[in-house]
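Presented below is the structure to which this report refers.
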Amino acid sequence: MFLDFMSEVKGLIRDALEHCGFKVEDGVNDLGLEISPHADLASSVAFRLAPAQRRSPVQIAKEIHQAVPTEYRYVDRVELAGPYLNFFMNRVFLKTVLNQALSDNCWTGKMSDKVIVEHTSANPDGPLHVGHIRNSVIGDTLVRILRRAGCTVDAQYYVNDMGRQEAMVVVGCEHFQLDGSKPDHAIAKVYIAANKAMEENPDIRVQADQIIQRYEAGDPETVAKIQNAVNYAIRGIEETLHRLNIHHDSYHWESEFVRSGDVAQIIELLEKTGHTEWEDGAFQLDLSGYGFEKKMVLKRANGTSLYITRDLAYHRWKSANSDRSVDILGADHKLVSGQLCTALRLLGIREPEVVIFEFVSLPTGSMSTRKGKFISADELIDEVERRAFEEVSLRRPEESEDFRRDVAMKVAAGAIRFDVVKVSADKATMFDWRQALDFEKLSAPFIQYSHARACSILRKESADRQFNAELLLDENEVALIKKISHFDLVIDSAARELKPHHLATYARELAESFNLFYRYSPVLDAPSDLKDARLALVGAARNALRATLETLGIAALETM
RNA sequence: GGGCGCGUGGCCUAGUCAGGAUAAGGCGGCAGCCUCCUAAGCUGUAGAUCGGGGGUUCGAAUCCCCCCGCGCCCGCCA
């Protein structure tokens, strides 16, 4: 699709440049290509050549334009517009897009990397809150994008079972009763209670310390307690993730890397770099030569390991078992992840690609599980589902309650995912109920609705017959085919740059294009030949919308 | 105090990495469109000196410097 058109254009420009004896510096976009309102693909390469050539971009563009080969496959024509070179698609390309889009095998790209994506990895000390789900949604969407691009992806949850917080959960379980509510919520209650109790009773801290030490030493009774608590909490967390159509392929516990000896190995390897030292009984890594003031403690004075050391071992393992490894982390992890990457570099281990997302805060400040100050993901989903059910009932009162519940569930999950993923990860956001419950244009239901409309047409007449693509000449029809063609480009760049919000933007644009077509090009009432062509376009658009929605992890509803 | 990130119409955001042809959407406002394939849709309209100032450039929302505001981080926590 679009990548084929683009590679033809690149070839044409390179041939022309060579013919003219022009050289451009290598770069990500060395030919200055851009999708623009003036062309299907525009090049501003003449501007880049102007300084070295000491001539005006207009003259240079003119010269390149004359040197562009005239044999085309998907290119219709090349126009000179002052200093710009404008490339246009031909009908063959549009027809090819339509045919490809009607088949099933054009929606997966050609990347073949083995990728590990680690996301969510929330401490098993309570339910996910609206901050965590930004991690989960970004992570799961990237997993889907990378798969769509052709990669083999393992979505991993790194379980922090060795930290103080889990020891506090166990202490909490010993002093307070799990109350039988949803497991992750029940765990949070005893965890919060234990933290509160610690304020008056310092002995709680001692108990937690003992649990940490016994767990690291492998004391069977303590191991069983921690494992029970972790598994219990994870069960609840998983349930929440599944409501949002988020799935992990594997779980890795920190303790695995301690028990396997990987953590001890990491410490030995770091020692060999000559950057380590003992200070106050603790083993430390000095990264002051790399811009980190504070030393990184690798082992406590009491001999137990720290999160960062275990994380180093985990990342070493991930690098050895993948072509790319991706971490999704909150902004509070920026510093520590920088230290981690530096330490890995010292060891000659490939660093992860880190996607940092900025904080989600409440109007009252930032969230904290320990203080019990958060809006849980479950509360959010329940509330949005309730709203969605009202909405469906209003629009489809004649449908059964089961139907309305099912649609509400899928609309709610989609709406939440889209709301999160549409915003660039490096924007801090404020959680807002009003906005979370709004189902209008810049939201998932808008896209699901376009898909449902396409399905509605195709239920009445199918798209599986011969058609003449030459009949699709209306502005909205051509625009829709072009928009469909962009799918592979968007997936490719989102997978490379790890920017899932690009796909959200595309989804909205695709749905908008379809809605305009729907409004101005009647399908079922059109004359026979035109109807067949339009049905084919509806089929192609339906497939594109479905692929886009699935990649966003949003249910492609056939009716709503 | 230092580091990182962010600042785009009343509100929320895309575009910034890789400078390029009139700054793109949504919400809210106002005015319209259902005897017509699902109106969770479509159309029109008003509203922006792209935080401020300097610089680089033929050209800056985009790059560089300074300043202001907001967020996050600077634990032998995770």
Side-chain angles (χ1 to χ4, degrees), chain A residues 27-30 32-34 36-39 42 44 46-48 50-51 56-57 81-84 86 121 123 125 160 162-166 254 279-284 291-295 297-302 304 306-308 310-311 330-336 338 356 358-359 361 366 370 388 391-392 394-396 411 415 422-430 432 434-435 438-450 452-461 497 499 501-502 504-505 508-509 511-512 515-516 518-526 534 538 559-560:
Chain A
V28 182
N29 189 12
D30 50 357
L33 291 178
E34 184 184 31
S36 106
H38 308 280
S44 58
F47 285 108
R48 291 163 205 241
S56 84
Y84 296 95
N86 289 336
S121 300
N123 292 336
D125 57 11
N160 302 331
M162 300 196 85
R164 173 170 303 280
Q165 90 294 127
E166 206 54 33
E254 289 181 280
E279 198 178 299
D280 304 328
F283 192 60
Q284 318 205 358
F292 298 99
E293 260 181 71
K294 299 273 168 77
K295 294 196 177 92
V297 177
L298 298 169
K299 205 197 264 185
R300 291 192 184 94
N302 69 12
T304 55
L306 281 114
Y307 175 83
I308 183 82
R310 303 186 291 259
D311 210 19
D332 51 338
H333 285 69
K334 264 186 248 186
L335 178 65
V336 78
I356 300 278
E358 292 291 326
F359 260 52
S361 55
S366 55
R370 186 166 46 81
E391 204 71 24
V392 189
L394 209 65
R395 292 164 206 279
R396 306 294 294 272
V411 163
K422 74 183 182 193
V423 181
S424 153
D426 43 32
K427 209 95 159 187
T429 60
M430 178 84 79
D432 177 355
R434 201 183 57 91
Q435 216 172 299
D438 181 14
F439 297 140
E440 306 237 4
K441 195 168 189 174
L442 206 60
S443 76
F446 175 79
I447 302 148
Q448 291 172 307
Y449 187 66
S450 294
R453 281 172 140 185
C455 291
S456 171
I457 292 177
L458 295 170
R459 263 196 303 278
K460 297 185 170 96
E461 292 208 46
E497 298 168 29
K499 297 269 168 77
H501 75 280
H502 289 338
T505 303
R508 188 202 24 100
E509 291 172 355
E512 256 170 9
N515 288 344
L516 286 178
Y518 184 91
R519 165 75 178 74
Y520 293 105
S521 299
V523 178
L524 300 177
D525 291 338
R534 285 182 177 168
V538 174
T559 171
M560 62 188 280

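Only heavy atoms go into these numbers, but all of them, side chains included; no hydrogens, no water, no symmetry mates. Naming convention: chains lettered A, B, ... in sequence-line order (proteins, then strands); numbering from 1 in each chain.
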Scan [X] against the nucleic acid and name what it touches under 4.0 Å (heavy atoms): base, sugar-phosphate only, or nothing.
X        : answer
A:Arg310 : sugar-phosphate
A:Ser521 : base
A:Arg164 : sugar-phosphate
A:Thr304 : nothing
A:Met560 : base
A:Val538 : nothing
A:Leu306 : sugar-phosphate
A:Ala42  : base
A:Leu516 : sugar-phosphate
A:Lys334 : base
A:Asp125 : nothing
A:Asp311 : nothing
A:Thr559 : base

Check the phosphate of [N] against [X], side-chain N and O only, distance under 4.0 Å to OP1 or OP2. Yes or no?
X        : N      : value
A:Arg434 : B:rC12 : no
A:Arg508 : B:rG41 : no
A:Asn515 : B:rC42 : yes
A:His501 : B:rG15 : yes
A:His333 : B:rC72 : no
A:Arg453 : B:rA39 : yes
A:Lys427 : B:rG7  : yes
A:Lys299 : B:rC76 : no

Euclidean distance for [atom1], [N] against [M] (whole angstrom):
N      : M      : atom1 : answer
B:rC74 : B:rA23 : P     : 43 Å
B:rG26 : B:rC65 : C1'   : 35 Å
B:rC6  : B:rU43 : P     : 33 Å
B:rC63 : B:rG28 : C1'   : 36 Å
B:rC12 : B:rA48 : C1'   : 15 Å
B:rA40 : B:rU22 : C1'   : 32 Å
B:rG19 : B:rC50 : C1'   : 15 Å
B:rG75 : B:rC68 : P     : 25 Å

With a cut-off of 6.0 Å (strictly less than), are more than 12 heavy atoms of other residues, nucleotides or ligands near CZ of A:Arg164? yes
Near A:Arg459 CZ, under 6.0 Å, is it more than 12 heavy atoms from other residues, nucleotides or ligands?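 More than 12 heavy atoms, drawn from other residues, nucleotides or ligands, come within 6.0 Å of this atom.
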Starting from [atom2] on [N], measure out to [atom1] on [X] and report it in whole angstrom.
X        : N      : atom1 : atom2 : result
A:Asn86  : B:rA21 : CG    : P     : 12 Å
A:Asn302 : B:rC77 : CG    : P     : 8 Å
A:Tyr518 : B:rA39 : OH    : C1'   : 10 Å
A:Glu293 : B:rG1  : CD    : P     : 15 Å
A:Glu512 : B:rA24 : CD    : C1'   : 10 Å
A:Ile308 : B:rA78 : CD1   : P     : 10 Å
A:Glu509 : B:rG15 : CD    : P     : 11 Å
A:Lys422 : B:rC27 : NZ    : P     : 10 Å

For A:Phe359, all residues meeting ring pair (Phe, Tyr, Trp, His ring centres under 6.0 Å), sequence neighbours excluded: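 Checked A:Phe359 against ring pair (Phe, Tyr, Trp, His ring centres under 6.0 Å); zero matches.
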Heavy atoms from C-beta onward define the side chain here; which of [options] lies closest to that of [X]?
X        : options                : result
A:His502 : B:rG15, B:rA40, B:rA14 : B:rG15
A:Gln165 : B:rC76, B:rA78, B:rU13 : B:rA78
A:Val523 : B:rC42, B:rC37, B:rG20 : B:rC37
A:Glu358 : B:rG71, B:rC74, B:rC27 : B:rG71
A:Arg519 : B:rU22, B:rC42, B:rA78 : B:rC42
A:Ser44  : B:rG20, B:rC76, B:rU13 : B:rG20
A:Tyr520 : B:rA78, B:rU43, B:rA21 : B:rU43
A:Tyr307 : B:rA78, B:rG19, B:rA39 : B:rA78

In sequence, state the C-alpha distance, the side-chain angles, and the governing distance for A:Glu34 and A:Asn29, and then conclude on side chain to side chain contact (heavy atoms under 4.5 Å, CB included). CA-CA 9 Å; A:Glu34 184 184 31; A:Asn29 189 12; 5.7 Å; no
Pick the nucleotide of RNA chain B nearest each of A:Arg459 and A:Lys295; which residue has the one closer to the 5' end?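 Its nearest nucleotide being more 5', the pick is A:Arg459.
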Which residue lies toward the 5' end of RNA chain B, A:Ser456 or A:Phe446, if each is placed at its nearest nucleotide? A:Ser456
No-H, no-angle donor-acceptor pair, A:Glu497 side chain to B:rA18 base, under 3.5 Å: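 Yes, the side chain and the base share a sub-3.5 Å donor-acceptor pair.
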Could you spell out the base pairing of RNA chain B as a dot-bracket line? Use Watson-Crick and G-U wobble contacts where both distances are under 3.5 Å, [ ] for crossing pairs, | for partners on a different strand. (((((((..((((......[...)))).(((((.......))))).....(((((..]....))))))))))))....
In Å and rounded to the nearest 0.5 Å, what is the CD to OG distance from A:Glu254 to A:Ser121?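 Between atom CD of A:Glu254 and atom OG of A:Ser121 there are 10.0 Å.
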Using centres under 5.5 Å plus planes under 30 degrees as the test, is A:Phe47 stacked with B:rG59?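 Stack criterion not met.
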Using O4'-C1'-N9-C4 for purines and O4'-C1'-N1-C2 for pyrimidines, with syn meaning within 90° of 0, is B:rC74 syn or anti? anti
